Structure formats: structure tokens, C-alpha cells
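Written below as C-alpha cells is the structure these notes are about.
Small disclaimer: the values here were computed from a predicted structure and weren't measured. Just so you know, these numbers use all the heavy atoms, side chains as well, and skip hydrogens, waters and symmetry mates.
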Amino acid sequence: QVQLVESGGGLVQPGGSLTLSCTIFGGFGRYGMGWFRQAPGKGREFVASISWNGGEALYGDSVLGRYIVSRNNAENTVYLRMNSLKPDDTAVYLCARATIPLTTRTQFDTWGQGTQVTVSE
């Protein structure tokens with residue numbers, strides 16, 4: 001079975017940067033990957049996705065220009081570099097495996113448990 005484990009969350013000041021990692025255990029394959037976030041009392045929000053070979057990326061409007069998604073398939077890891085962070089970026093960030101090799105906002109079948117990102121003075 002495939003398991004996804006996020007890491008790298010923490011406390012950061014507004015305007016700061018943070019890099020999240022998602023390590024895939026049990027195989028990587030030709031699947032796109034995605035990042036989502038969820039704040040307490042809010043629904044899950046699409047953040048970014050990346051194609052299986054890292055050649056294409058897609059971002060949610062709220063993070064476009066500030067976040068960069070990348071992957072290193074040799075290490076079975078996908079990354080999310082978050083820049084110019086705002087308090088509204090505070091959320092649990094989850095990675096997900098797509099069912100297709102392309103970028104997608106909705107087609108995912110396996111989810112990590114998430115890592116907390118808090119943006120505050």
C-alpha cells in the first residue's frame with residue numbers, strides 16, 4: 001500500500017518562507033501529485049499539483065506566484081516551497097496522489113495526514 005507522509009510544517013512570520021516535503025512510501029509511479037490545505041472550520045482548498053515527471057505545475061489562485069511545487073522522483077518526494085507567507089496561509093497542509101499522470105485539482109485517491117503551517121507574528 002502507498003502511504004504519504006508530510007513534514008516541514010511549523011511557525012513562520014508573515015513574509016517568511018517554508019518548505020514542505022511529502023515522502024511517498026510503497027512506490028511512486030507515474031502519478032501526478034497535489035497539495036491541499038485545510039484550516040479549522042473551512043473546507044479543503046486546492047493549493048498546487050504537479051505532473052508525474054515534474055514538467056507541469058498548477059496552482060490555486062490564492063498561492064499563485066508565491067508557492068512552487070516540485071518533485072524528486074529518485075527520492076520519492078514532492079516539495080512545496082512557500083514564499084511571502086500570509087496569516088491566511090495558516091492551515092494543515094496535505095499531499096495527495098493523483099489517479100492520473102497529469103496535473104489535476106480533483107482526481108486523487110491517497111492522502112497524507114497533513115502538517116501544520118502557522119503564519120503569525
>> Can a side-chain donor-acceptor contact be found between R66 and S84 if the only test is distance below 3.5 angstrom?
In response: no
>> Is the shortest side-chain heavy-atom distance between S70 and R81 below 4.5 Å?
In response: no
>> Would you say that T110 contacts Q1 through its side chain, given a criterion of any heavy-atom pair below 4.5 Å between the two side chains?
In response: no
> Taking only residues two or more places apart in sequence, or in another chain, which ones meet E45 in a side chain to side chain contact (heavy atoms under 4.5 Å, CB included)?
Replying inline: R37, S62
>> With heavy-atom distances below 4.5 Å as the criterion, would you say the side chains of V78 and W35 are in contact?
In response: yes
> Can you name the residues that form a side chain to side chain contact (heavy atoms under 4.5 Å, CB included) with T106, not counting sequence neighbours?
Replying inline: T104
> Same hydrophobic cluster for L102 and W52, using side-chain heavy-atom links shorter than 4.5 Å among ILVMFWY?
Replying inline: no
> Would you call S120 and L11 a side-chain contact if the rule is heavy atoms closer than 4.5 Å?
Replying inline: yes
> If you look only at pairs with a residue in residues 40-74, which of them pass as a disulfide bond (SG atoms under 2.5 Å apart), with sequence neighbours excluded?
Replying inline: none
> Which residues pass the side chain to side chain contact (heavy atoms under 4.5 Å, CB included) test with V12, sequence neighbours left out?
Replying inline: L85, V119
>> List the residues meeting salt bridge (charged side-chain N to carboxylate O under 4.0 Å, His left out) with D109, not counting sequence neighbours, and say none if there are none.
In response: R97
>> Using the side chain to side chain contact (heavy atoms under 4.5 Å, CB included) criterion, which residues pair with E121? Sequence neighbours excluded.
In response: Q13, P14
> Which pairs count as ring pair (Phe, Tyr, Trp, His ring centres under 6.0 Å) when at least one residue sits in residues 97-121, sequence neighbours excluded?
Replying inline: F36-F108, F36-W111, F108-W111
> For residues S17 and N83, is any side-chain donor paired with an opposing acceptor at under 3.5 Å?
Replying inline: yes
Going by atom type alone, with no hydrogens or angles, which donor-acceptor pairs under 3.5 Å involve a side-chain atom of residues 2-9 and a protein atom two or more places apart or on another chain?
from : atom 1 : to   : atom 2 : distance (Å)
E6   : OE1    : Q113 : N      : 3.2
E6   : OE1    : G114 : N      : 2.8
E6   : OE2    : C95  : N      : 2.8
E6   : OE2    : G114 : N      : 3.3

>> Tell me which pairs pass ring pair (Phe, Tyr, Trp, His ring centres under 6.0 Å) where either residue lies in residues 60-105, with sequence neighbours left out.
In response: none
>> Taking the side chain as everything from C-beta on, heavy atoms only, tell me whether L20 gets closer than 4.5 Å to V117.
In response: yes
> Just wondering, do E75 and N73 contact through their side chains at under 4.5 Å, heavy atoms?
Replying inline: no
>> List the residues meeting salt bridge (charged side-chain N to carboxylate O under 4.0 Å, His left out) with R105, not counting sequence neighbours, and say none if there are none.
In response: none
> Quick one: disulfide bond (SG atoms under 2.5 Å apart) pairs with a partner in residues 39-93, sequence neighbours left out?
Replying inline: none
Quick one: side chains of residues 53-61, donor-acceptor pairs under 3.5 Å with protein atoms, not counting sequence neighbours, listed by atom name and distance.
from : atom 1 : to   : atom 2 : distance (Å)
N53  : OD1    : S51  : OG     : 3.2
N53  : OD1    : G55  : N      : 3.0
E56  : OE2    : T103 : OG1    : 3.2
Y59  : OH     : V69  : N      : 2.9

